[in-house]
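Residue numbers count from 1 along this sequence. As the structure is a computational prediction, the values presented were derived from the model and not from experiment.
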Amino acid sequence: MPSQKIETGHEDTVHDVAMDYYGKRIATASSDHSIKIVGVNNNSSQHLANLTGHHGPVWQVAWAHPKFGSLLASCSYDGRVIIWKEGNQNDWIQAHVFDDHKSSVNSIAWAPHELGLCLACGSSDGNISVFTARADGNWDTSRIDQAHPAGVTSVSWAPSMAPGALVGSGLLDSAQKLCSGGCDNTVKVWRLYNGNWKQDCFPALNMHADWVRDVAWAPNLGLPKSTIASASQDGKVILWTAAKEGDQWEGKVLHDFKAPVWRVSWSLTGNILAVADGNSNVTLWKEAVDGEWQQVTTVDA
C-alpha cells in the first residue's frame with residue numbers, strides 16, 4: 001500500500017493514532033485536549049467527528065471490539081478515562097467517565113474480547129485500574145495498587161488463548177494476565193487470581209537502564225511461547241520470552257536505537273514488531289528461522 005498523509009486538524013502534538021477493527025476509521029489523541037475521528041479509504045480521508053471532554057493532553061485512544069458496539073476509550077493528563085459511544089453515525093457521547101486516578105492516566109488497553117468488555121489503565125499515581133462492564137450497564141473496578149510506585153507508563157494484555165492451547169491436550173483455561181511498564185525501569189507481569197491481581201513474575205523484569213515507555217504482549221496464536229516487547233528511554237527494545245506457563249522470563253535486546261524508543265506494536269499474527277523511536281523512524285522487525293530478529297523495512301514517516 002502506498003503511504004497516505006492524513007490531515008487530522010489537531011492544533012498541537014498528536015500522541016496516539018488507533019485504527020478501528022475494520023480499518024475504516026482512525027482515532028487520534030492530541031495535546032490540544034481533543035480526539036478526532038477520521039474516515040480513511042484507499043487514497044482519501046475525511047473528518048468525521050471531534051470529541052471534546054478532557055481537560056489536558058490526551059495520551060492514548062483505544063477502540064473496543066465491534067461486538068460491543070462502536071466504543072472508544074481515551075486517557076489523559078487530567079487523570080480521567082472516558083468511554084465514548086457512537087449512537088447515530090458519527091454522533092458520539094460520553095458513555096462513562098472514570099476519575100479513579102489522582103494523576104495522569106498514561107496508557108489504556110482493552111482486554112481480548114473473549115474476556116468481555118474490560119479496560120486496563122496505567123497512571124502516574126503508580127496504580128493500574130481494570131474496569132469491567134456488567135450486564136446492567138455499570139462497571140466493576142479492580143486495582144493493582146502501586147504496581148510501579150514511581151508511575152505506570154504502559155499496559156498490555158496477554159492473548160486470551162493460553163500458551164500451548166493448540167499443541168497441548170485440550171484447551172487450557174485462559175488466564176487473565178497483563179503486563180506493565182513503569183518509571184522504575186521494570187516490566188511486570190500480573191495475573192488475576194480469585195478476583196485479585198497478583199504479580200506473576202519474580203523478580204520484576206529488569207534489564208532497562210531508564211523508564212520503560214511501552215510494553216506490548218505478542219499474539220501467540222496458541223503456540224507454546226509467550227513474548228513481550230518493551231521499549232525504553234534508554235534506547236533499547238527488549239524481547240522477553242517464557243517458553244511455557246510458569247517458566248522464568250528471559251530477556252534479549254532486540255536492538256539499541258541510540259534514541260528513546262516510544263512505542264512497540266505487534267502485527268496481528270505476532271511475527272512482526274513495529275518500533276517507533278525518538279529519531280522519527282518507524283522500523284519493522286521479523287524473527288528469522290534461526291530465532292534471530294532482523295530489520296525488514298523502514299516505514300517512511
Any side-chain donor-acceptor pair under 3.5 Å between S232 and N185? no
Those residues that, when tested against W262, pass ring pair (Phe, Tyr, Trp, His ring centres under 6.0 Å) (two or more places apart): none
Side-chain heavy atoms of S31 within contact of H15, under 4.5 Å: yes
Stepwise ring-ring contact (aromatic ring centres under 6.0 Å, His included) check, W190 with W217: CA-CA 12 Å; W190 309 92; W217 202 312; over 10 Å; no
Heavy atoms of L117 and A64 approach each other most closely as CD1-CB, 4.0 Å
Rounded to the nearest 0.5 Å, what separates atom CE in M207 from atom NZ in K252? 10.5 Å
Under 4.5 Å between side-chain heavy atoms, hopping through other hydrophobics if needed: is there a path connecting I228 to V275? no
To the nearest 0.5 Å, atom CD1 of I37 lies from atom CD of Q46 at 12.5 Å
Cluster overlap V253 with V212, hydrophobic side-chain contacts below 4.5 Å: yes
Check whether any side-chain heavy atom of Y22 lies under 4.5 Å from a side-chain heavy atom of P66, and answer yes or no. yes
Donor-acceptor under 3.5 Å (S123 side chain, S103 main chain): yes
According to a 4.5 Å side-chain heavy-atom criterion applied to Ile, Leu, Val, Met, Phe, Trp and Tyr, with indirect links allowed, do W293 and V237 form part of one hydrophobic cluster? yes
Under 3.5 Å, side-chain donor or acceptor atoms of residues 284-292 against the rest of the protein: list the pairs with distances, not counting sequence neighbours.
from: W285; atom 1: NE1; to: T283; atom 2: OG1; distance (Å): 2.9
from: D290; atom 1: OD1; to: E292; atom 2: N; distance (Å): 2.9

Please check if any side-chain donor atom of T153 sits under 3.5 Å from a side-chain acceptor atom of W211, or the reverse. no
For W110, the ring pair (Phe, Tyr, Trp, His ring centres under 6.0 Å) test, sequence neighbours excluded, returns none
Just jot down the side chain to side chain donor-acceptor pair (under 3.5 Å) partners of D277, sequence neighbours excluded, or say none. none
Can you find a pair of side-chain heavy atoms, one from L51 and one from V58, that are under 4.5 Å apart? no
Filter on salt bridge (Lys or Arg N to Asp or Glu O under 4.0 Å), then keep only pairs touching residues 91-106, sequence neighbours left out; what's left? none
Kindly indicate, with the supporting measurements, whether the criterion side-chain contact (heavy atoms from CB on, under 4.5 Å) is fulfilled by H101 and N127. CA-CA 8 Å; H101 289 285; N127 304 329; 4.1 Å; yes
Across all chains, not counting sequence neighbours, the salt bridge (Lys or Arg N to Asp or Glu O under 4.0 Å) partners of D200 are K177
Spacing of I144 atom CD1 and C121 atom SG [to the nearest 0.5 Å]: 11.0 Å
Applying side chain to side chain contact (heavy atoms under 4.5 Å, CB included), name anything that partners A109, two or more places apart in sequence or on another chain. V155, W157
With heavy-atom distances below 4.5 Å as the criterion, would you say the side chains of L239 and L273 are in contact? yes
Would you say V105 and F98 make side-chain contact, with heavy atoms under 4.5 Å? no
Tell me, yes or no, whether the heavy-atom count around N194 atom CG, taken from other residues, nucleotides or ligands under 6.0 Å, exceeds 12. no
Intermediate values then yes/no, side-chain contact (heavy atoms from CB on, under 4.5 Å), R263 and D16: CA-CA 10 Å; R263 295 298 290 271; D16 195 27; 3.0 Å; yes
Could you state the interatomic distance from CZ (R191) to SG (C179), rounded to the nearest 0.5 Å? 14.5 Å
Output for pair (H10 NE2, T28 OG1), nearest 0.5 Å, gives 2.5 Å
Should the ring pair F257 and H255 be called parallel, tilted or perpendicular, given that the plane angle runs from 0 to 90° and is split at 30 and 60? perpendicular
Separation of L254 CG from Q294 CD (nearest 0.5 Å): 11.0 Å
Residues I238, V187; criterion side-chain contact (heavy atoms from CB on, under 4.5 Å); working and verdict: CA-CA 10 Å; I238 292 175; V187 174; over 6 Å; no
Counterpart residues, side chain to side chain donor-acceptor pair (under 3.5 Å), relative to D145 (two or more places apart): R143
Non-hydrogen side-chain atoms of N41 and N43 separated by less than 4.5 Å: yes
Path from V282 to V296 over hydrophobic side-chain contacts below 4.5 Å: yes
Considering only heavy atoms from C-beta outward, does the side chain of K225 approach that of N220 to under 4.5 Å? no
Please find the pair of heavy atoms, one from A231 and one from V264, that lie closest to each other, and give the distance. CB-CG1, 3.9 Å
Pairs of donor and acceptor atoms involving the side chains of residues 77-85, under 3.5 Å and at least two apart or interchain, shall be tabulated with distances.
from: D78; atom 1: OD1; to: S76; atom 2: OG; distance (Å): 3.2
from: D78; atom 1: OD1; to: R80; atom 2: N; distance (Å): 2.8
from: D78; atom 1: OD2; to: H54; atom 2: ND1; distance (Å): 3.1
from: D78; atom 1: OD2; to: H55; atom 2: N; distance (Å): 2.8
from: R80; atom 1: NH1; to: G53; atom 2: O; distance (Å): 2.9
from: R80; atom 1: NH1; to: H55; atom 2: NE2; distance (Å): 3.3
from: W84; atom 1: NE1; to: S74; atom 2: OG; distance (Å): 2.8

Mind checking what makes side chain to side chain donor-acceptor pair (under 3.5 Å) contact with W240, not counting sequence neighbours? S230
Considering all heavy atoms, the nearest A133-W139 contact: N-CE3, 3.4 Å
Test item: K188 side-chain N/O and Q199 main-chain N/O as donor-acceptor pair under 3.5 Å: no
Heavy-atom pair with the smallest gap, counting every atom of E86 and S70: OE1-OG, 2.7 Å
Taking all non-hydrogen atoms of both residues, which atom of P219 and which atom of P159 are closest, and how far apart? CA-CG, 4.0 Å
Check P149 against D184 and note the closest heavy-atom contact, atom names and distance. CD-OD2, 4.4 Å
Should we say atom CZ of F68 is surrounded by more than 12 heavy atoms from elsewhere, each under 6.0 Å from it? yes
Between W63 (side chain only) and A18 (backbone N and O only), is there a donor and an acceptor less than 3.5 Å apart? yes
How far apart are the C-alpha atoms of S30 and K36, what are their side-chain angles, what is the distance that settles it, and do they pass the side-chain contact (heavy atoms from CB on, under 4.5 Å) test? CA-CA 9 Å; S30 169; K36 310 275 191 195; over 6 Å; no
Side chains of S180 and H148, heavy atoms from C-beta outward: is any pair under 4.5 Å? yes
Hydrophobic cluster identity match, L192 and V189, side-chain contacts under 4.5 Å: no
Show me the pairs that pass salt bridge (Lys or Arg N to Asp or Glu O under 4.0 Å) and involve residues 106-119, at least two apart or across chains. none
The criterion is salt bridge (Lys or Arg N to Asp or Glu O under 4.0 Å); which residues satisfy it with D125, sequence neighbours excluded? none
